[in-house]
Asks: 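A single structure is presented below for examination.
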Amino acid sequence: MDYRDVRELVRIRHELRRYACGGDLDEASALISKLGQVAARDPVEHAAVIPELQRWRMKLGLQER
C-alpha cells in the first residue's frame, strides 16, 4: 500500500467520524464502501479493515449493501 492509499484511508476515517455525529447516511455508506475498496488493494490491510467496516455500519445504523 503506497502513501497515497494510506492518506486516503485516513481521510475517509475522518469523514466517517463526522458522519457518526449526524449527517447524510447515503454519503456515509458510500464512504464505507470506498474504505473497503481502497483497503482491498492490499490483502493485509483489507483483512484488518473488514471488522472496521462492520463497526462503522453498526455505529451508523446501516445495513450491509
Side-chain angles (χ1 to χ4, degrees):
M1 180 162 275
D2 67 9
Y3 178 77
R4 188 176 8 181
D5 290 338
V6 173
R7 289 298 304 156
E8 181 68 5
L9 291 176
V10 170
R11 184 194 68 76
I12 292 169
R13 288 176 176 125
H14 177 74
E15 290 291 318
L16 284 169
R17 284 187 204 102
R18 192 173 55 127
Y19 285 112
C21 296
D24 185 1
L25 292 180
D26 290 333
E27 280 291 321
S29 180
L31 283 172
I32 291 170
S33 295
K34 179 73 174 174
L35 183 66
Q37 291 169 359
V38 173
R41 297 175 189 161
D42 181 83
V44 174
E45 186 68 27
H46 188 250
V49 166
I50 289 173
E52 180 182 357
L53 297 174
Q54 294 169 342
R55 283 192 305 271
W56 278 116
R57 285 186 183 105
M58 186 174 15
K59 181 172 182 100
L60 295 168
L62 299 170
Q63 299 294 339
E64 272 194 54
R65 294 180 183 184

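Predicted, not measured: the structure shown is a model, and the values here were computed from it. All values below come from the heavy atoms of this structure, side chains included, with hydrogens, waters and symmetry mates left out.
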Asks: Is there a chain of hydrophobic side chains (I, L, V, M, F, W, Y, each step under 4.5 Å between heavy atoms) that links Leu25 to Ile32?
Replies: yes
Asks: Flag the pair Leu16 / Leu60 as yes when at least one side-chain heavy-atom distance between them is below 4.5 Å, and no otherwise.
Replies: yes
Asks: Please round to the nearest 0.5 Å and tell me the distance separating atom NE2 of His14 and atom CG of Leu31.
Replies: 11.0 Å
Asks: Considering only NZ, NE, NH1 and NH2 on the basic side and carboxylate oxygens on the acidic side, decide whether Glu15 and Arg18 come within less than 4.0 Å.
Replies: yes
Asks: Using the rule that two of Ile, Leu, Val, Met, Phe, Trp, Tyr join whenever any of their side-chain heavy atoms come within less than 4.5 Å, decide whether Leu53 and Val6 are in one cluster.
Replies: yes
Asks: I'd like to check Met58 versus Gln54 (side-chain heavy atoms, cut-off strictly below 4.5 Å). Are they in contact?
Replies: no
Asks: Closest heavy-atom contact between Val38 and Met1?
Replies: O-CE, 3.5 Å
Asks: Rounded to the nearest 0.5 Å, what's the gap from NZ on Lys34 to CZ on Arg11? Could you check?
Replies: 7.5 Å
Asks: Taking all heavy atoms of Tyr19 and all of Glu27, pick out the closest pair and write down the distance.
Replies: OH-CB, 3.3 Å
Asks: Can you tell me how far CG of Leu62 sits from CG of Asp26, rounded to the nearest 0.5 angstrom?
Replies: 8.5 Å
Asks: Assess whether salt bridge (charged side-chain N to carboxylate O under 4.0 Å, His left out) is satisfied between Glu52 and Arg55, documenting all intermediate values.
Replies: CA-CA 5 Å; Glu52 180 182 357; Arg55 283 192 305 271; 5.1 Å; no
Asks: Any idea which heavy atoms bring Ala20 and Lys59 closest together, and the distance?
Replies: CB-CE, 3.6 Å
Asks: So Glu45 and Leu9, do their side chains get closer than 4.5 Å, heavy atoms only?
Replies: yes
